[in-house]
Amino acid sequence: MDLDPAPRKKQKLADNVSDLFGKNDFYNFELKPDHLDKPIWVCPNGHVFLEAHSPIYQQITDFLIAIAEPVSRPEHVHEYIITRYSLYAAVSVKLDTDYIISVLQTYCKTVNLPSEVIEFIQENTAQYGKAKLVLKHNRYYIESVYEGVLDDLLQIQSVRVAKDTVQSMIIESGENHIEDVREELDRLRDAENVEVAEKVESFEINPDMIEIVRRDCHDENFPLLEEYDFMNDTKNIKLEIDLKPSTHIRSYQEKSLSKMFSNGRARSGVIVLPCGSGKTLVGITAVCTIKHRAIVLCTSGVAVEQWKRQFELWSTVNPANIIRFTATSKDKFPENQATIVISTYSMMGFQGKRSAESQELYDKLKNHEWGLLVMDEVQVVPADMFRKVIFEVKSHCKLGLTATLVREDERIEDLNFLIGPKLYEANWLDMQSLGHIAKVQCIEVWCPMTAEFFQEYLSAKPRKKILLYVANPNKLMTCQYLVKKHEAAGDKIIIFSDNLFVLELYSKALKLPVISGQTSQDERMRILYSFENTSNNNVILVSKVADNSIDLPGANVIIQISSHFGSRRQEAQRLGRILRPKTNMVQTSEFNASFYSLVSQDTQEMWYADKRQQFLIDQGYSYKVMNIVNEVLADQTLKFSNKNEQKSLLERLLQAKDIDDEANEDPDDITPETMSRKTGDLSRLSGQSAGYALQKKSMQRHKMFRMRYKKFKPGT
DNA sequence: AAAGCCGTAA
DNA sequence: GACAGTACGGCTTT
């Protein structure tokens, strides 16, 4: 079904509204006489600035969160932007066009709201909610009570195709015919019942095209509203579940859920809460509210176990009704009872041949109609394979949860039509001052390269450059210096290095336990236990395994040695490891946790560090640059302070370089022998001969070789 | 428990 | 500005 996607419409107002003195100079606005009491600025490009010290800060924040997206929220002035998506979200919580405009008008500093903004709001709130996407008897329908809306929608090519292909599907499938007829009668009766109140028109659409239909409707300014009238859903079996009386919901958790459940129905969307602030409980409360079958999707098996435990901890659900569905645990479905299924994105999106047991469970899941789909770490959903699963599972309502709603590609925006609008986003600094998360100071430590390393760095190939700035001896020494200082203060320290070579180097030099991908599960548990529970193990070295879902409540210091390029998500997630409120946390201005990033000065790492920090800066964090190079260099007791040690380290790195070059063979040298050495046993490739696979592999590499030829071809 | 394969991050 | 490249985890099979 290859359809040309409709040209994507602009999601935001143009930035070049004014050309005078740069595009963001709005000098010519007339201020209200009492503008000092008005907390917001509204700019023609849709950006809104809020003074955080205003007495009505809290109310205005609640309003802005509902109608706009936070761009950056440091201490004093918060920036928001009004987008089409944010306006859809606003209308879906029953804020109408006039109300939005009048609130902005009342609280802005200028006499008039920019006309561009007024028009933008009018244009993008007009059609919202006029068409709905509804799930009935495991089939999807588009319906509307407004005349002519369905005809307008059918102007969209993909909608037309989705409608036409579903009809032919019903005719073709001979099986379940009786079932079809019965359901069709049900459907007609339903439609009649509703028709008494309001005329509903609807048509069924091809379930395989939901994604593309939702996207195109969004882009054509007809976003499809998804609402679940869960209290009146009598067709689906109810789930016996409530929160335990002892379970306490925090105010921000309640607030985020109120966005999902206003007017007695559930709507799909995304809730953003910082690491360690109880996202799981928000998901569980949503399940307890809807009280119908639910699926929870996580990124790892460990997370699946955690969700199961949390359900047992906070809710009254019968543990037998919690079904884990992963490679290692496949629980049995109880007869005729609603269940909570907890699984992974990989399991649901798995393309290969499934084991018999897995296939059986999977088919069951696909045949059920689900009340709620909860997506943990929802920022992964736009990935090619993961996004498929959310429409393969038929659910009335979808809730995405995350702390870090960022990706380095453009696809985070897709969540708007894949799931729904962002319903709530907590402010990290507010949560910090309320004591819900620890108060962390972020520090960037600049480590100059040693002369010898810098010399090599300048002429090294890109890959080797990385190794050189990561293994910079001054960085090693700085790390030891900081460890020493914090260990003396009784702190618990996590050292992160993405680079395994350097991880090993530190581990050997400093005699520290290390957890990386290769570490067995037993060994991990042993190290983590001793870190958490004894005082003779206060420092651990970890690779990127510890970015997610390794729980270390005791840790309060992070030292980051190397990281994955400019990943903002990784930086935030690492900070999240020490965000859990400390037991001895006192309400003072003092920091109770520290996050150090060691950066080799004058290398590419400086640029990556800047990029990585952007997400946390937008949340209001500020990085201090710390210069301790003199103290570090003066300390002769540190490993690698001695020139000979540094020299032999450099030699080891350069040797590694030679090995790399050797492995980098010329294209002409590729023979079946060298290929199979690289790719392992090729005979296992299903349905393909080794010869074909070989050719494909070298074709994949072809582009690279061509570039090298170009580069070295003389005289052209 | 290890190996093979695949998908994800960016 | 895409790309290469490395690390990792999940699912299945042996």
Side-chain angles (χ1 to χ4, degrees), chain A residues 297-305 324-330 343-359 361-362 377-389 404 406-412 461-467 470 496-504 514-524 542-550 562-574 607-608 611-612 614-615 656 660 663-664 676 678-688 690 693 697 700-708:
Chain A
L297 294 181
C298 317
T299 48
S300 73
V302 177
V304 169
E305 297 300 324
R324 291 167 303 171
F325 181 41
T326 63
T328 40
S329 343
K330 296 181 186 67
S343 185
T344 63
Y345 293 102
S346 310
M347 186 51 129
M348 297 304 293
F350 189 67
Q351 301 278 285
K353 188 185 164 358
R354 310 181 95 100
S355 62
E357 200 185 2
S358 166
Q359 187 67 50
L361 258 157
Y362 181 73
E377 306 287 355
V378 74
Q379 78 282 351
V380 306
V381 166
D384 287 336
M385 289 300 139
F386 292 174
R387 68 197 298 155
K388 289 181 190 167
V389 314
T404 49
V406 278
R407 298 173 63 87
E408 302 308 323
D409 57 20
E410 296 292 300
R411 299 205 275 189
I412 202 75
K461 287 180 188 162
R463 266 170 72 192
K464 212 45 60 180
K465 274 187 166 37
I466 297 173
L467 198 49
V470 173
F496 277 96
S497 167
D498 261 32
N499 183 299
L500 293 185
F501 177 86
V502 174
L503 200 68
E504 277 306 308
V514 45
I515 300 179
S516 74
Q518 292 115 290
T519 316
S520 74
Q521 211 56 45
D522 281 357
E523 182 74 358
R524 289 182 197 195
V542 295
S543 73
K544 67 166 116 182
V545 274
D547 283 359
N548 304 293
S549 42
I550 279 192
S562 90
S563 45
H564 191 60
F565 300 103
S567 171
R568 292 170 294 164
R569 194 205 98 263
Q570 190 184 47
E571 184 97 347
Q573 218 118 29
R574 286 182 173 178
W607 185 84
Y608 286 126
K611 190 170 182 309
R612 294 171 61 75
Q614 199 52 56
F615 177 80
D660 274 4
N664 222 342
S676 64
K678 275 188 192 139
T679 57
D681 186 1
L682 290 170
S683 61
R684 286 170 167 276
L685 288 169
S686 54
Q688 293 173 353
K697 190 82 190 172
Q700 277 169 5
R701 299 176 58 119
H702 192 176
K703 209 164 68 177
M704 193 170 81
F705 296 137
R706 206 168 48 205
M707 279 166 61
R708 274 176 64 178

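Chain identifiers are assigned alphabetically (A, B, ...) following the order of the sequence lines, protein sequences preceding nucleic acid strands; residue numbering begins at 1 within each chain. In this text, all values refer to a predicted model and were calculated from it rather than measured experimentally.
For A:Phe386, the ring pair (Phe, Tyr, Trp, His ring centres under 6.0 Å) criterion is met by A:Tyr345, not counting sequence neighbours. Every residue two or more places apart in sequence or in another chain that forms a side-chain contact (heavy atoms from CB on, under 4.5 Å) with A:Gln521 is listed here: A:Arg524.
Between A:Ser358 and A:Phe325, the shortest heavy-atom distance links the atoms O-CZ, 3.6 Å. Contact detail for A:Asp498 and A:Ser563: the closest heavy-atom pair is OD2-C, 3.6 Å.
Between C:dT12, C:dC11, C:dG9, one nucleotide has an atom nearer to the side chain of A:Lys330 than all others, and that is C:dT12. Taking every side-chain heavy atom of A:Val380 into account, B:dA9 is the closest of C:dC11, B:dA9, C:dC8. When the nucleotides C:dA7, B:dA10, C:dG9 are ranked by their closest atom to the side chain of A:Leu500, C:dA7 comes out on top. Here the nucleotide nearest the side chain of A:Met347, chosen from B:dA9, C:dC11, B:dT8, is C:dC11. In the set B:dT8, C:dG5, C:dT12, the nucleotide with an atom closest to the side chain of A:Arg463 is C:dG5. Residue A:Lys544 places its side chain closer to C:dC8 than to any other of C:dT13, C:dG5, C:dC8. Distance from the side chain of A:Ser300 is smallest for C:dG10 among the nucleotides C:dC8, B:dA10, C:dG10. Nearest to the side-chain atoms of A:Ala327 among the listed nucleotides C:dT12, B:dA10, C:dC8 stands C:dT12.
To the nearest angstrom, P of C:dT13 lies 11 Å from CD of A:Glu357. Rounded to an integer number of Å, the gap from A:Phe565 CZ to C:dG5 C1' is 7 Å. Rounded to an integer number of Å, the gap from A:Glu523 CD to B:dA1 P is 14 Å.
Checking the phosphate oxygens (OP1, OP2) of C:dG10, no side-chain nitrogen or oxygen of A:Thr326 falls inside 4.0 Å. Contact annotation: A:Ser355 side-chain N/O to C:dC11 OP1/OP2 distance is not under 4.0 Å. Checking the phosphate oxygens (OP1, OP2) of C:dC11, no side-chain nitrogen or oxygen of A:Arg354 falls inside 4.0 Å. Taking 4.0 angstrom as the limit, A:Ser346 places none of its side-chain polar atoms (N or O) nearer than this to OP1 or OP2 of C:dC11. In this structure, A:Arg569 does not reach the B:dA9 phosphate: none of its side-chain N or O atoms is under 4.0 Å from OP1 or OP2. Using a 4.0 Å cut-off, some side-chain N or O of A:Arg524 falls inside it from OP1 or OP2 of C:dG9.
Heavy atoms of A:Tyr345 sit nowhere under 4.0 angstrom from any nucleic acid atom. A:Gly352 comes within 4.0 angstrom of no nucleic acid atom, judged by non-hydrogen atoms across all strands. As judged by a 4.0 angstrom heavy-atom cut-off over every strand, A:Thr328 is placed among residues making no nucleic acid contact. When heavy atoms are screened at a 4.0 angstrom cut-off, A:Gly349 is found touching no nucleic acid atom at all. Backbone-only contact: A:Ser358 has heavy atoms under 4.0 Å from sugar-phosphate atoms and none from a base. Among the protein residues, A:Asp384 comes within range of the sugar-phosphate backbone only, with heavy atoms under 4.0 Å from sugar or phosphate atoms but none that close to a base.
A:Arg324 places no side-chain N or O within donor-acceptor distance of the main-chain N or O of A:Glu305, the cut-off being under 3.5 Å.
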